[in-house]
Student: 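Have a look at this one before I ask anything.
Note that these values count all heavy atoms, side chains included, but never hydrogens, waters or copies made by symmetry. Naming convention: chains lettered A, B, ... in sequence-line order (proteins, then strands); numbering from 1 in each chain.
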Amino acid sequence: MERRVKALNGRPVKEQADYVLYWAQMNRRADSNHALAYAIQLANERRLPVLVYEGLTCTYPYANDRMHSFVLEGVPEMRRRLQARGIGYHFHLRRTRHDPDDRLYKLAARAAAIVTDDYPTFIARRHNGSVPTKVDIPYFAVDSSCIVPMGQMEKREYAAYTIRPKIHRLLPHFLTPVEKTAVRRPFQLTLDEEPTAVTDVAASVAACEIDHSVKPSLSYEGGRLAAERTLNEFIANRLRRYAREKNEPSAHATSDLSPYLHFGQISSLEVALAAMVAADEHKLIAGEFLEELIVRRELAFNFAAFSADVESFDNIPDWARKTMAAHDGDRRDFVYSREQFEHAQTHDPLWNAAQKEMLLRGKIHGYYRMYWGKKIIEWSATHQDALRTMIYLHDRYALDGRDPATYTNILWCFGMHDRPWQERAVFGMLRYMSYDGMKRKTNVEAYLKEIEFLERTGKDPFRPKQV
DNA sequence: ATCGGCTCGCGCAA
DNA sequence: TGCGCGAAGCCGAT
């Protein structure tokens, strides 16, 4: 457990305290959560109860109905599962920027220690830099996102092939379920602060001062139950096709778990274990799926953990920066504005369909997303413009945005974790992808039809919401 | 349909 | 120091 846990301030545990506080910033789940397990351990050692705090504010960049409803849909089941284990749960929705932003500190005033998630991007990264100095109790950040903890890697890895053997060497040790330790003291305290009840998600979202123009995903409902259903359906119906059809978007052979992984409503550890059990029982091949779920996902966390700024070209290798500099002034055949990209108004029907999938579903199939990114490079005035556009569109519309995997996928388009290829205009030696290649290798027509149906009917036959 | 060249640099073997 | 090979390819030759 040691390498998972970082003590971020050297404060001593407070002796006179009412509970140990787990602040669920990124791993919004009661199950398979190393950080919660650590909070329980600390509490049990001191015969204290555990209180889980989960917050949602309206002030993070591009806060909108899509992100908010996905998080809020998880709240009732989170409460149910924690209460069933005798763990306190306090959810707080900060509706407007005029509401006080001090709930964590209020709850921390009665806590012996704070445990939270070690997470290398977005708000959690900033919080874990600033909050530890503002509290007078210990502040522990626990890596419950990765199977092999980020702290096990001593440096930034160059590519998948350099981290793969290291991960595989450590997997036997880390690929084990999180122990579900019972709490010794059930949480029975009354708090002065009022938690936010979530009974009607749409009403709660409507009451927030956020961007209401980005509607909830047509396809992905948030929450633990939806996450478990998605995992079970993947294992029952799609895992057997994954290796062969993962790059055929119209075949729907991928897991669709990235939104749930990003918001921590399910852990990659329990997904990996479930895939391995299924592979064992039904003689399925899980290797290719586990490669993506573990090696490539954790390469992304390794990159983010060692990067000063995950949104910068500073991260890409020298050859890529040099070749871009040499080609930044090349003439572009098409140049689109951010708004034209955003509203899917290019000349390319496949690109537009991928962007519409982003607008409607809230994520793009992994294979077409590479094409989507490469074309933004091809049709932007500068490489820097292309990078900004990709980050903006993910931040605003993608349920799997703001994640280490997001930035890695984007920077991969600019050569990170990749190698040079034959030089050509605009791209230089960055890998190029073409419409003809997509046409040759995938069923573009079926995908266009699928997205057209989504757009016309507002319904996703491949992922009916269970409302 | 299949194949080699394109091009850089990491990490390991020697 | 040499060598193999890499996160999703393209293109032209055969």
Student: Are Glu342(A) and Tyr392(A) close enough that a side-chain donor and a side-chain acceptor fall under 3.5 Å?
Tutor: yes
Student: Strictly by Watson-Crick or wobble contacts shorter than 3.5 Å, is anything paired with dT7(B), and which nucleotide is it?
Tutor: none
Student: Output the rounded distance in Å from NZ (Lys375(A)) to P (dG9(C)).
Tutor: 13 Å
Student: Could you give the CG-to-C1' distance, from Leu430(A) to dC10(C), as a whole number of Å?
Tutor: 14 Å
Student: Nearest whole Å is fine: how far is dG6(C) C1' from His417(A) NE2?
Tutor: 12 Å
Student: Stepwise, does the side-chain contact (heavy atoms from CB on, under 4.5 Å) test hold for Ile376(A) with Trp372(A)?
Tutor: CA-CA 6 Å; Ile376(A) 292 178; Trp372(A) 174 91; 3.7 Å; yes
Student: Using only heavy-atom distances, determine whether the side chains of Tyr260(A) and Glu228(A) contain a donor-acceptor pair under 3.5 Å.
Tutor: no
Student: Could you state the CG-C1' distance from Asp436(A) to dG9(C), rounded to the nearest angstrom?
Tutor: 13 Å
Student: Give Lys441(A) one of three labels, base, sugar-phosphate or nothing, depending on what nucleic acid heavy atoms sit under 4.0 Å from its own.
Tutor: sugar-phosphate
Student: Can you classify the ring geometry of His68(A) versus Tyr60(A) as parallel (below 30°), tilted (30 to 60°) or perpendicular (above 60°)?
Tutor: parallel
Student: Please classify the nucleic acid contact of Arg164(A) as base, sugar-phosphate, or nothing, using heavy-atom distances under 4.0 Å.
Tutor: sugar-phosphate
Student: I'd like a list of close polar pairs between nucleotides 3-10 of chain B and the protein, N/O only, cut-off under 3.5 Å.
Tutor:
unit_1, atom_1, unit_2, atom_2, d
dT7(B), O2, Pro420(A), O, 2.8
dC10(B), O4', Tyr161(A), OH, 3.3

Student: Take atom P in dC10(C) and the same atom in dG9(B), then report the distance between them in whole Å.
Tutor: 23 Å
Student: Which part of the nucleic acid, if any, lies within reach of Asn247(A) when heavy atoms closer than 4.0 Å are counted: base, sugar-phosphate only, or nothing?
Tutor: base
Student: With rounding to whole Å, what would you report as the distance between dT1(C) and dT7(B) at their P atoms?
Tutor: 24 Å
Student: When you check the gap from the basic side-chain N to the acidic O, do Arg297(A) and Glu292(A) get nearer than 4.0 Å?
Tutor: no
Student: Describe the nucleic acid contact of Tyr432(A) in one word from base, sugar-phosphate, nothing, applying a heavy-atom distance below 4.0 Å.
Tutor: sugar-phosphate
Student: Using atom CD1 of Ile316(A) as one end and atom P of dA7(C) as the other, report the distance to the nearest whole Å.
Tutor: 17 Å
Student: Around Lys283(A), counting heavy atoms of other residues, nucleotides and ligands shown, do more than 12 lie under 6.0 Å from its NZ?
Tutor: no
Student: At 4.0 Å (heavy atoms only), tell me whether Arg369(A) reaches a base, stays on the sugar-phosphate, or touches nothing.
Tutor: nothing
Student: Judged by modelled atom types alone, do Thr57(A) and Arg94(A) share a side-chain donor-acceptor pair under 3.5 Å?
Tutor: yes
Student: Does a side-chain N or O from Arg440(A) land closer than 4.0 Å to OP1 or OP2 of dC10(C), or not?
Tutor: yes
Student: Taking only the P atom of each, what is the distance from dA7(C) to dC11(C) in whole angstrom?
Tutor: 22 Å
